[in-house]
Amino acid sequence: MATLNPADTLDDFGEKIADLDGALTAAVDTSNDFFNHGDQMLVVSNASAGNRVVTFTARADPYNVTGSALVITIPAGKIGVSGFMNPAIWNSGGKCTFTLDAVAPTQIGILKLRKIR
């Protein structure tokens, strides 16, 4: 399993979005996780000729959605972005886990979003 580190999306002054391509790296494992504080988003760039499927599985939570899954399908040549993942639903041990149906040629990254100052 690969643990992804978030890329900060804003420059030091908080006035413009940093390089999105620089925040993505080649996917190396179909099973991945990241420390989730509820202010991160997964970005998947699908350079393959077919769809790429990303699956998040919910954990035991106070909202009784245990076992539910969020499935995101990214068409060939497109970029997909997840929504914010509520830690109460999607975290286990502080991390949110997701799987990819295949890794090549796919780039992934976790973007940490923050308010502009």
Side-chain angles (χ1 to χ4, degrees):
M1 178 176 297
T3 297
L4 305 175
N5 292 314
D8 200 352
T9 56
L10 299 175
D11 66 2
D12 288 338
F13 298 107
E15 57 193 24
K16 61 182 178 260
I17 295 175
D19 177 23
L20 180 59
D21 288 333
L24 303 179
T25 59
V28 296
D29 200 332
T30 56
S31 183
N32 301 273
D33 63 17
F34 59 94
F35 287 99
N36 178 33
H37 304 288
D39 59 353
Q40 295 93 348
M41 298 172 73
L42 171 66
V43 177
V44 179
S45 179
N46 179 12
S48 72
N51 291 344
R52 183 65 64 236
V53 178
V54 180
T55 305
F56 292 90
T57 302
R59 308 293 181 216
D61 68 89
Y63 309 108
N64 295 317
V65 296
T66 303
S68 296
L70 170 64
V71 178
I72 302 170
T73 301
I74 300 113
K78 301 296 182 180
I79 295 175
V81 179
S82 74
F84 296 116
M85 308 306 289
N86 181 338
I89 298 172
W90 304 103
N91 280 13
S92 178
K95 291 182 179 180
C96 181
T97 302
F98 66 94
T99 58
L100 298 167
D101 63 330
V103 294
T106 304
Q107 291 197 323
I108 57 177
I110 302 299
L111 301 181
K112 180 177 179 177
L113 302 180
R114 56 190 169 102
K115 293 180 181 177
I116 295 176
R117 299 179 222 176

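Because only heavy atoms are used, hydrogens play no part in the values below, and waters and symmetry mates are left out as well, while side chains stay in. As the structure is a computational prediction, the values presented were derived from the model and not from experiment.
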- N32 side-chain N/O to T99 backbone N/O, donor-acceptor pair under 3.5 Å: no
- Message: Between R52 and I72, is the side-chain contact (heavy atoms from CB on, under 4.5 Å) condition met? List the steps.
- Response: CA-CA 8 Å; R52 183 65 64 236; I72 302 170; over 6 Å; no
- Message: Using side-chain heavy atoms (C-beta onward) and a distance below 4.5 Å, is V44 in contact with Q107?
- Response: no
- Query: Under a 4.5 Å cut-off applied to non-hydrogen side-chain atoms, are V28 and V103 in contact?
  - Reply: no
- Taking all non-hydrogen atoms of both residues into account, name the closest pair between T73 and V53 and its distance. OG1-CG2, 4.2 Å
- Item | Donor-acceptor pair, side chain of D33 and main chain of K95, under 3.5 angstrom | no
- Query: Looking at A23 and L111, what are the two nearest heavy atoms and their distance?
  - Reply: CB-CD2, 3.6 Å
- Message: Just so I know, are the side chains of N91 and R59 near enough to count as touching, which here means a heavy-atom distance under 4.5 Å?
- Response: no
- Query: Between N86 and I89, is any pair of side-chain heavy atoms under 4.5 Å apart?
  - Reply: yes
- Task: Not counting sequence neighbours, list each pair that qualifies as a salt bridge (Lys or Arg N to Asp or Glu O under 4.0 Å) and has a residue in residues 69-82.
- Result: none
- Item | Partners passing ring-ring contact (aromatic ring centres under 6.0 Å, His included) against F56 (at least two apart in sequence or in another chain) | F98
- Item | Exercise: identify the closest heavy-atom pair between K112 and Q40 | CA-CG, 4.3 Å
- Would you say the side-chain atoms of N46 pair up with the backbone N or O of G50, donor to acceptor, closer than 3.5 Å? yes
- Looking only at heavy atoms, what is the nearest atom pair of L100 and V54, with distance? CD2-CG2, 3.6 Å
- Query: What residues join F35 in its hydrophobic cluster, counting side-chain heavy atom gaps under 4.5 Å, either direct or through other members?
  - Reply: none
- Task: Check T97 against S31 and note the closest heavy-atom contact, atom names and distance.
- Result: CG2-OG, 4.5 Å
- Do I108 and L4 come close enough that some side-chain heavy atom pair is under 4.5 Å? yes
- Item | Flag, side chain of N36 to backbone of W90, donor-acceptor distance under 3.5 Å | no
- Message: Using every non-hydrogen atom in the two residues, find where T55 and A69 come nearest and quote the distance to one decimal.
- Response: CG2-CB, 4.2 Å
- Say whether, by atom type as modelled, one donor and one acceptor occur between the side chain of S82 and the main chain of L42 under 3.5 angstrom. yes
- So how far is it from F84 CZ to M41 CE, rounded to the nearest 0.5 Å? 5.5 Å
- Note on the structure: OG of S48 to CD1 of I74, rounded to nearest 0.5 Å, is 9.5 Å
